[in-house]
Enquirer: 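Here it is, the structure, as structure tokens.
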Amino acid sequence: MEKNIRVRFAPSPTGGLHLGGVRTALFNYLFAKQHNGTFVLRVEDTDQTRFVEGAEEYIVDCLNWCGITPDESPQKPGAFGPYRQSERKASYKQYAEQLIADGYAYYAFDTTEELNAKRATAPNFLYGQTTRMEMRNSLTLSENEVAELLAAQTPYVVRIKIPQNETVSFVDMIRGLVSFDTNLVDDKVLLKADGMPTYHLAVVADDKAMEISHAFRGEEWLPSAPIHILLWKYLGWEDSMPQWAHLPLILKPDGNGKLSKRDGDRLGFPVYAMNWTDPKTGDVTKGFKELGFMPEAFVNLLAMLGWNDGTDKEIFSLAELTELFSIDRISKAGAKFDFEKAKWYNHEWIKKSTAESLQPIVGNLLAEQHIAVKNEAFLLKVIDLVKDRCNLLGDFVSQGSYFFTAPNEYDSAAVKPKWGPEKAAFFQDFAQNLNTDSSALQLEEQFKALAETKGFKPGELMLPLRIMLVGGKFGPGVFDIAVLLGVEETQNRIEKGIAAFN
Ligand code: GLU
């Protein structure tokens with residue numbers, strides 16, 4: 001029988017959720033859903049010094065916004081709880097002790113001062129195979145000394161004893177066979193002086209306890225893999241070890257290194273999924289959501305950072321991704337992040353969305369700007385008319401607000417130099433003869449015919465008309481705008497425009 005598919009997204013609650021983290025969550029989610037499996041959120045909060053208030057709730061909000069809600073989480077516990085590492089504290093110590101008893105780990109009593117002194121004499125000091133016998137630990141002290149130190153409650157850490165001259169290998173689902181030389185791995189701390197496990201011990205113990213079958217995580221964790229593989233073996237759990245997939249890095253736009261929050265600040269684009277407010281400083285870092293991304297677009301663009309379906313297709317819904325996702329189409333190479341491309345995805349999703357689905361969002365955006373929408377049917381028509389011109393949701397305000405309030409300011413510089421009484425007369429005439437039933441096409445024909453009889457090229461008159469109706473040189477077809485505004489409003493705006501230009 002195939003074992004149940006259980007995957008986990010295991011963030012540390014330390015601040016804003018980086019888009020790379022959301023992509024990790026997404027790939028876990030897609031894999032789980034594709035196999036009728038379970039997507040678990042586990043909060044890795046054992047590092048008390050990095051814990052940030054509110055970060056867990058924020059992560060949950062981000063996942064919900066993306067539509068990749070976990071099946072099991074601290075908020076929705078299943079049968080494998082607790083879902084916060086700090087709440088599992090008691091279980092880790094016994095594993096550390098088991099490892100010591102079996103000779104795979106040891107107590108280290110070195111004080112911070114002793115370690116600092118060592119580092120001062122050996123700048124590249126690593127606690128491990130070549131140095132451990134010079135230190136104060138249960139490998140160098142007698143059994144009695146160790147027992148006495150423990151009885152006296154002397155602070156200690158537990159370190160893994162990395163073997164010499166071994167090769168640790170595993171088959172990564174993306175990278176194939178990956179091997180590590182143990183001589184290059186140091187004796188990482190497993191249990192800290194405060195009794196909390198480090199990430200290395202906790203991740204292994206929790207993946208085991210939660211029966212995780214597959215683990216997708218960022219490539220930055222690849223160097224930690226040999227420690228985890230050894231722990232799985234040393235704890236006697238090799239048969240239940242999850243299959244690993246280390247996802248390619250998300251790179252800076254120029255491809256030089258991993259994309260960081262600082263790159264986003266420097267280059268003017270978001271890196272976090274949603275706005276993050278630092279609880280200490282109150283500083284707000286902008287997120288994709290608040291910048292006007294649709295969750296569908298965000299998820300879509302993240303999936304394409306390192307994956308494709310083998311064709312040129314780029315627009316996928318979450319349901320399509322769930323169906324088509326395959327590990328063998330995840331690339332090994334890092335994926336460059338391109339904000340212009342990210343906006344293109346959003347633009348495509350806005351275009352693809354129905355006016356009805358956009359209505360609540362656009363309605364709120366207009367309300368925030370104190371733009372009154374009296375008629376919802378009218379709003380739907382506006383959305384349909386301008387959505388092709390919006391990259392971000394906020395663009396609906398700049399692209400649509402003139403439908404609700406007549407312009408008060410005009411781009412006069414574009415009109416005035418060529419304005420004169422003949423043009424004013426033309427527009428008077430045009431406005432007076434507007435017909436309620438005209439379609440945009442008919443209106444355009446009327447406009448052109450009238451222009452000709454008055455000796456104008458229609459082109460010279462279209463821009464002034466647009467500026468009268470809109471205020472500036474933008475927007476969809478000017479006759480579409482006029483039809484949507486209706487005869488009376490169009491007449492009013494033309495008259496107001498004539499007055500402004502005269
Ligand atoms: N807590 C780690 C992180 O913050 C999890 C790494 C893993 O998935 O093993 O990304």
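Whatever order the structure lists ligands and atoms in, that order sets their numbers, starting from 1.
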Enquirer: Looking at Ser12, which atoms of ligand 1 are within less than 4.0 Å of one of its heavy atoms?
Expert: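 Atoms satisfying the 4.0 Å criterion: 1 (N), 4 (O).
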Enquirer: Are Phe404 and His370 close enough that their ring centers fall under 6.0 Å?
Expert: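 So the answer is no for these two rings.
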Enquirer: Output the list of atoms in ligand 1 that are nearer than 4.0 Å to some heavy atom of Arg8, sorted by atom number.
Expert: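 Within the 4.0 Å cut-off of Arg8, ligand 1 contributes 7 (C), 8 (O), 9 (O).
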Enquirer: Can you sort out which atoms of ligand 1 are near Tyr199, meaning under 4.0 Å from one of its heavy atoms?
Expert: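 Going through ligand 1 atom by atom, the ones under 4.0 Å from Tyr199 are 2 (C), 5 (C), 6 (C), 7 (C), 9 (O).
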Enquirer: When you measure from the side chain of Glu114 to the backbone of Thr111, do you find a donor-acceptor pair of N or O atoms at a distance under 3.5 Å?
Expert: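 Here the side-chain-to-backbone pair exists.
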Enquirer: Which heavy atom of Asn346 sits nearest a heavy atom of Leu393, and at what distance?
Expert: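 Asn346 and Leu393 have their closest heavy atoms at ND2-N, 4.2 Å.
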Enquirer: Sort and list the pairs that fulfil side chain to side chain donor-acceptor pair (under 3.5 Å) and have at least one residue in residues 53-69, not counting sequence neighbours.
Expert: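 The answer is Glu56-Gln75, Glu56-Arg84, Asn64-Thr69.
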Enquirer: Could you list the atoms of ligand 1 found under 4.0 angstrom from a heavy atom of Val203?
Expert: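 Selected atoms, number and element: 9 (O).
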Enquirer: To the nearest 0.1 Å, how far is atom 5 (C) of ligand 1 from its closest protein heavy atom, and which atom is that?
Expert: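 The answer is Ala10 O, 3.1 Å.
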Enquirer: Going by heavy atoms, is His228 under 4.0 Å from ligand 1?
Expert: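 Distance cut 4.0 Å: His228 fails for ligand 1.
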Enquirer: Tell me the ring pair (Phe, Tyr, Trp, His ring centres under 6.0 Å) pairs involving residues 110-169, sequence neighbours left out?
Expert: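 For residues 110-169, and leaving out neighbouring residues, the ring pair (Phe, Tyr, Trp, His ring centres under 6.0 Å) pairs sorted by first residue read Tyr107-Tyr156.
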Enquirer: Please identify which atoms of ligand 1 are closer than 4.0 Å to at least one heavy atom of Glu44.
Expert: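 Contacts of ligand 1 toward Glu44, numbered from 1: 1 (N), 2 (C), 5 (C).
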Enquirer: Under a 3.5 Å threshold, yes or no: a donor from one side chain and an acceptor from the other, between Tyr83 and Glu72?
Expert: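 Side-chain D/A pair, Tyr83 to Glu72: present.
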